[in-house]
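Quick notes on the structure that follows.
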Amino acid sequence: SIECSALVELVEDVLNLDIIESIISAVAKNTITREDVKHVMTEIVKGKHWSDAIKIEKVNFYERGFENIGTTEIYTQDSRSQTTILDVYSKKEGSVTIFGINEPNFGRLYQGRNSESHRLYQDISVGFGGYKVLKKMGLSPSIHQLNEAPTVFGVLAFLDDLYGEVKRRIDEEEKILSEDHSLSEEEKEVLAFGEALDTVRRRTLYTNHTLIQAVESDFELSQFEHFVFPNIRSEKVKSFLREKIEKRGKLKLSLLALAL
């Protein structure tokens, strides 16, 4: 792999900090190779702007054997609620079905700095949107495999969904109890959340391949309120997130993945 400090020394005079971080991140995640970086550096030395030196190949789902199977949606919130429609694609590879999600404003992978809002938008699209696709297809995985921290929102959607189910079951069960054994609303919420979180943790595996600070993403409460909270129904799950964010003002997605 490329030594990060050497890479910074090589390019810091011709690239700004955002681009340095993006290149380091891409190398660490194996989305570009040493040869790709050498090509970019050579073209920059020749006088090309970095954006012209980097080759970006647009992916056509149909050329890759995918077919469009419908849409799903995610929500964001600023001065008003907004709904974004996501196209859903699928492809069979042997006994495995692969699902893909896309919309025109996604941009390239790892676009911008790690903690920019567009990164979070991409992450919630794959996470919340992907979970909805699985539900729509009638699929309920016995294990949720998180491959890197940005996929954590799929499991967060599962926690939100499961909490609602458990809470409704507890409400129904309480109807047959006498008043002496009834629970307060707060007690029912605590019980439901504890059971839901325990189930999610038993059914989640998290793999982190890139244990370096340069590729960590962390986001502020305002970003969660704009992108994440509109896709969560339960106030209990939102409170769970707020508590974690307020500890240091931001929340690393890797720490959220470990918490789940």
Side-chain angles (χ1 to χ4, degrees), residues 4 17-18 21-22 24-25 28-29 74-79 81 110-131 144-167 170 184-260:
C4 292
L17 182 59
D18 289 359
E21 288 187 355
S22 294
I24 292 173
S25 175
K29 290 178 177 289
I74 56 166
Y75 308 105
T76 56
Q77 174 75 51
D78 41 35
S79 58
S81 297
Y110 306 128
Q111 181 171 312
R113 302 185 69 172
N114 293 337
S115 299
E116 284 186 358
S117 291
H118 189 75
R119 287 280 191 97
L120 184 56
Y121 166 68
Q122 290 177 324
D123 296 345
I124 67 159
S125 296
V126 173
F128 290 107
Y131 180 78
H144 293 259
Q145 168 67 54
L146 300 182
N147 186 29
E148 300 289 6
T151 60
V152 70
F153 295 106
V155 173
L156 194 62
F158 177 42
L159 174 62
D160 184 46
D161 213 18
L162 191 57
Y163 170 81
E165 293 179 11
V166 176
K167 178 61 166 56
I170 291 175
S184 68
E185 188 65 23
E186 182 178 359
E187 288 173 325
K188 289 188 288 185
E189 289 176 356
V190 170
L191 282 174
F193 185 78
E195 181 178 330
L197 184 59
D198 180 64
T199 300
V200 168
R201 286 172 171 168
R202 286 188 285 105
R203 292 175 57 179
T204 300
L205 295 176
Y206 169 43
T207 304
N208 191 329
H209 303 279
T210 46
L211 300 174
I212 59 174
Q213 189 66 30
V215 299
E216 283 272 21
S217 294
D218 56 4
F219 299 101
E220 299 175 350
L221 178 59
S222 60
Q223 292 173 295
F224 269 77
E225 289 175 335
H226 180 77
F227 292 100
V228 180
F229 290 173
N231 296 283
I232 297 175
R233 296 186 299 271
S234 164
E235 289 299 323
K236 193 68 178 176
V237 175
K238 292 178 185 177
S239 296
F240 167 75
L241 292 172
R242 284 193 185 95
E243 289 175 6
K244 294 194 171 298
I245 296 169
E246 289 169 356
K247 287 181 179 179
R248 56 183 294 271
K250 292 184 178 182
L251 177 59
K252 289 182 180 292
L253 296 190
S254 58
L255 295 181
L256 178 56
L258 289 170
L260 297 174

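As a basis for the values below, the full set of heavy atoms in this structure was taken, side chains included, without hydrogen atoms, waters or symmetry mates.
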Residue list, ring pair (Phe, Tyr, Trp, His ring centres under 6.0 Å) with Phe227, at least two apart or on another chain: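 If we apply the ring pair (Phe, Tyr, Trp, His ring centres under 6.0 Å) test to Phe227, skipping adjacent residues, there are no hits.
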Please list, chain by chain and in numerical order, all residues satisfying ring pair (Phe, Tyr, Trp, His ring centres under 6.0 Å) with His144, sequence neighbours excluded.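 Phe158.
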Decide side chain to side chain contact (heavy atoms under 4.5 Å, CB included) for Arg233 and Tyr163; before the verdict, give the C-alpha distance in whole Å, the side-chain angles of both, and the deciding distance to 0.1 Å. CA-CA 10 Å; Arg233 296 186 299 271; Tyr163 170 81; over 6 Å; no
Please enumerate all residues that pass side chain to side chain donor-acceptor pair (under 3.5 Å) together with [X], with sequence neighbours excluded.
| X | value |
| --- | --- |
| Ser115 | Asp218 |
| Glu165 | none |
| Asn231 | none |
| Lys238 | Glu235 |

Determine yes or no for a side-chain-to-main-chain donor-acceptor pair under 3.5 angstrom, with Ser81 supplying the side chain and Gln77 the backbone. no
To the nearest 0.5 Å, what is the distance between [atom1] ([X]) and [atom2] ([Y])?
| X | Y | atom1 | atom2 | value |
| --- | --- | --- | --- | --- |
| His226 | Phe219 | NE2 | CZ | 12.5 Å |
| Ser234 | Asp161 | OG | CG | 11.0 Å |
| Leu162 | Glu195 | CG | CD | 7.5 Å |
| Leu120 | Glu220 | CG | CD | 11.0 Å |
| Ser222 | Lys250 | OG | NZ | 9.5 Å |
| Thr151 | Leu146 | OG1 | CG | 4.0 Å |

pair Phe153-Val228: side-chain heavy atoms closer than 4.5 Å: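 Side-chain contact under 4.5 Å: yes.
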Are the side chains of Leu159 and Phe193 in touch, meaning some heavy atoms are under 4.5 Å apart? yes
Mind checking what makes side-chain contact (heavy atoms from CB on, under 4.5 Å) contact with [X], not counting sequence neighbours?
| X | value |
| --- | --- |
| Gln122 | His118, Arg119 |
| Ser184 | Glu186, Glu187 |
| Arg201 | Leu197 |
| Leu221 | Glu225, Phe229, Arg242, Ile245 |

Would Thr207 and Glu148 count as a side chain to side chain contact (heavy atoms under 4.5 Å, CB included) if you check the C-alpha gap in whole Å, the side-chain angles of each, and the deciding distance to 0.1 Å? CA-CA 6 Å; Thr207 304; Glu148 300 289 6; over 6 Å; no
Would you be so kind as to tabulate the donor-acceptor pairs closer than 3.5 Å made by side chains of residues 253-260, with sequence neighbours excluded?
{"from": "Ser254", "atom 1": "OG", "to": "Glu216", "atom 2": "OE1", "distance (Å)": "3.0"}
{"from": "Ser254", "atom 1": "OG", "to": "Glu216", "atom 2": "OE2", "distance (Å)": "3.2"}

Decide yes or no on side chain to side chain contact (heavy atoms under 4.5 Å, CB included) for Leu191 and Val166, but give the supporting numbers first. CA-CA 9 Å; Leu191 282 174; Val166 176; over 6 Å; no
Considering residues at least two apart in sequence or located in another chain, which fulfil the salt bridge (charged side-chain N to carboxylate O under 4.0 Å, His left out) criterion with Lys236?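 For Lys236, no residue satisfies salt bridge (charged side-chain N to carboxylate O under 4.0 Å, His left out) once neighbours in sequence are set aside.
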Please report the closest heavy-atom contact between [X] and [Y], naming both atoms and the distance.
| X | Y | value |
| --- | --- | --- |
| Gly154 | Tyr131 | O-CD1, 3.8 Å |
| Ile74 | Gly129 | CG2-N, 3.9 Å |
| Lys247 | Glu243 | CG-O, 3.3 Å |

May I have the step-by-step check of side chain to side chain donor-acceptor pair (under 3.5 Å) for Tyr206 and Asn208, ending in yes or no? CA-CA 7 Å; Tyr206 169 43; Asn208 191 329; 2.9 Å; yes
